[in-house]
Structures are given as structure tokens and as C-alpha cells.
Colleague: 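For reference, the structure I am asking about is given below.
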Protein chains: 2
Amino acid sequence: MHTCPEAMGHCKKINEVLARVGDRWSVLVIFSLRNGKRRFNELKRELNISQRMLSLTLRDLERDGLISRHYHPTIPPKVEYDLTDLGQSLRGPVKVMTEWALANHEAIDTARAAFDEQAAEAAA
Amino acid sequence: MHTCPEAMGHCKKINEVLARVGDRWSVLVIFSLRNGKRRFNELKRELNISQRMLSLTLRDLERDGLISRHYHPTIPPKVEYDLTDLGQSLRGPVKVMTEWALANHEAIDTARAAFDEQAAEAAA
DNA sequence: CCGCATCCATTTGGATACTG
DNA sequence: CAGTATCCAAATGGATGCGG
């Protein structure tokens, strides 16, 4: 049966996790840390994200145990972010998703353009 | 080198795609259609989503070519949604992500609780 | 049954200014 | 350099009522 109750129960948990790591920036930060630690402004430049959103995203990822934050009290200060073991375990899924994104980016654009043209015709 | 320019250029495209399928509901709808076509209210009940959001999500997924919509002009009306080939190609990545979500749901909760407790101590 | 339109509360996110 | 705080605009999302 396609409505097996376990899948239904899973849905809620999956939803919760996706609401956490499925926001606009989290996956991209994980992606940027795939090859090792990065500094705050390195991430900012690479992702073209506002200071505010990077700050919030990093805090949430740290809170969820996905990244670690290491503060060096030098002058000027230096803060490095890195993936935790839990964060490392997300690299696989993220890699799969990003590869799909790259492979199908244009297919989506094409479908979208076709849909919009259909809608425009219907309106005429 | 971890700052290879291709990865930087990729970032933007990945971001665009994730902004599309990475919203709160899209992945769950894909997940719900993994075993074949479903009707509007079936999805609504299964996902515990508001009518409005399901409607919007289905429309966007159709626009992006990920699902198909088949309308039966019966009385009462009947509308079935199904994955397109492009949507089918997302099943793999979505499966990987949902399995990670299920496997690490509790680890995230634990990390979050620990972080919040630390913050509470620091405040005291 | 399916789904759009409207209203309204909540959330998100950019811009700017300021601190250690 | 690495943030936090504030203000404000825009997007998101639920509730309700209506129409095919």
C-alpha cells in the first residue's frame, strides 16, 4: 500500500530537518566548507551573502551541531568555521543534491519558460 | 585548490536551484509522489499542509517541469499529480536527503539542546 | 473536489550604523 | 576582521470565503 503509516510518521521528522538545513543558505555554507575550514569573510565573498544572513546561518548551523566555530583572539581577530562530524556526514547528501542542481539547472529553466509561454497564450 | 573558480561559478546556479526545490514543501511533495500519482486532497492530508500552500507548491513544481497535472472533468472533479521524468530524476537525491534527515534527526536535537544550555549558562 | 482571492500575522532579509 | 543592533521592505503562510 502506498499510504503505509510509517512513511506518514516519517514525513513530519523529514519536514523538521528539511526546515533546518533546507533554507536558502545552509546547504551552500556546508558546500563551501567541503574542503576544510574557512573564515567569515571568505564565506561572505564566496557566497555573495549579506553579513547579517551569514552570521545568522552560521549561528544556526553551529547550534544544530553541523559546524564548529574557532575563535582566535588575535589582532585583527580571526574566526574559522569547519564541519563537525555530523556536518561531514551531510557532505554526501549535499553533493548529490548540488550535482543534480547543476545537471538540471537548464532543464528547469526551459520548463519554466515553456510554462510561462503557455500561460501567456491562455491569457490572450 | 579549494578556491577553484568553477566551484564559485557553480555556487550561483546551485543556489538558484536550491531556492526552487529547497523550500519547505517541494521536497515533501516529491517524496509523497515517489510511489505514483496522488490527488490534491490525498497530498493535503498526508503532508498536513494548508490548501493554499499545497496549491502554490504544486503550481510551482509543475511550472518547473517536475510534476505533471492531469485534470478529469468529472463530477466531482478529480485532479491527479505525478512526477515527470525530470521529477523522477530528483527521487534519488531526495531519498538520500530524507534518509539523512531520519538518521540524524535526534543528533540535531541533542546538539541544539546542548547549545541552548551552554547559552543559558553563559547568560547566568 | 479543486483551487483562487483576500485579508492579516509572522518571518525573512537587505541596508546601515556601531562595537571589540 | 568579525560580528551585533536597528529599521524597514518583501516574502511567507494560515484562515476564510467564494466559484467551477
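Letters A, B, ... are given to chains in the order of the sequence lines, protein chains preceding strands, and every chain is numbered from 1.
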Colleague: Could you list, one pair per line, each protein nitrogen or oxygen that sits under 3.5 Å from a nitrogen or oxygen of nucleotides 10-13 of chain C, together with the distance?
Modeller:
residue	atom	partner	partner atom	Å
C:dG13	N7	A:Arg52	NH2	2.7

Colleague: Grab the CG-C1' distance between B:Asn48 and D:dA15 for me, whole Å please.
Modeller: 15 Å
Colleague: In whole angstroms, how far is the C1' atom of D:dA15 from the CD1 atom of B:Ile49?
Modeller: 15 Å
Colleague: Kindly check if the number of other-residue, nucleotide or ligand heavy atoms within 6.0 Å of CD (B:Glu121) is above 12?
Modeller: yes
Colleague: Report the residues that fulfil side chain to side chain contact (heavy atoms under 4.5 Å, CB included) with B:Val17, sequence neighbours left out, ordered by chain and then residue number.
Modeller: A:Trp100, A:Ala101, A:His105, A:Ile108, B:Val21
Colleague: Do A:Val96 and A:Leu83 sit in one hydrophobic cluster, given that two such residues count as connected whenever their side-chain heavy atoms are within less than 4.5 Å of each other, even indirectly?
Modeller: no
Colleague: Keeping to residues at least two apart or across chains, list the salt bridge (Lys or Arg N to Asp or Glu O under 4.0 Å) pairs with something in residues 73-84 of chain B.
Modeller: none
Colleague: Do the side-chain N or O atoms of A:Ser55 get closer than 4.0 angstrom to the phosphate oxygens (OP1, OP2) of D:dT4?
Modeller: yes
Colleague: Between atom CG in B:Leu58 and atom P in C:dG3, what is the gap in whole Å?
Modeller: 7 Å
Colleague: Assess the residue pair A:Asp23 and A:Asp60 against the criterion (side chain to side chain contact (heavy atoms under 4.5 Å, CB included)); give the C-alpha distance rounded to whole Å, side-chain angles, the decisive distance to 0.1 Å, and a yes or no.
Modeller: CA-CA 11 Å; A:Asp23 70 276; A:Asp60 284 344; over 6 Å; no
Colleague: Between P on D:dA2 and CG on A:Leu47, what's the gap in Å once rounded to a whole number?
Modeller: 14 Å
Colleague: Just to verify, what does A:Asn48 make a side chain to side chain contact (heavy atoms under 4.5 Å, CB included) with, not counting sequence neighbours?
Modeller: none
Colleague: Can you tell me which nucleotide in C:dC1, C:dC4, D:dA2 comes closest to the side chain of B:Arg59?
Modeller: C:dC4
Colleague: Could you give all pairs that pass the salt bridge (Lys or Arg N to Asp or Glu O under 4.0 Å) test and reach residues 93-103 of chain A, with sequence neighbours left out?
Modeller: A:Lys95-A:Glu99
Colleague: In whole angstrom, what separates A:Leu54's CG from D:dA2's P?
Modeller: 10 Å
Colleague: Taking the side chain of B:Arg69 as heavy atoms from C-beta outward, which of C:dG3, D:dC1, D:dG20 is closest to it?
Modeller: C:dG3
Colleague: Using whole Å, what does the distance between atom C1' of nucleotide C:dG20 and atom NE2 of A:His72 come to?
Modeller: 17 Å
Colleague: How many Å lie between CD on A:Gln51 and P on C:dT19, as a whole number?
Modeller: 15 Å
Colleague: Return yes if some donor-acceptor pair links the side-chain N/O of A:Ser89 with the main-chain N/O of A:Leu86 below 3.5 Å, else return no.
Modeller: yes
Colleague: For a quick test of reading the model: is some side-chain N or O of A:Tyr81 closer than 4.0 Å to OP1 or OP2 of D:dG3?
Modeller: yes
Colleague: Go through the steps to decide whether A:Phe115 and B:Arg59 satisfy the test side chain to side chain contact (heavy atoms under 4.5 Å, CB included), and finish with yes or no.
Modeller: CA-CA 10 Å; A:Phe115 184 93; B:Arg59 167 159 283 267; 3.7 Å; yes
Colleague: So what is the end-to-end bend of the helix from C:dC1-D:dG20 to C:dG20-D:dC1, with 5 pairs used at each end and the value given to 10 degrees?
Modeller: 50°
Colleague: Figure out the CD/C1' separation between B:Glu62 and C:dC4, and round it to whole Å.
Modeller: 15 Å
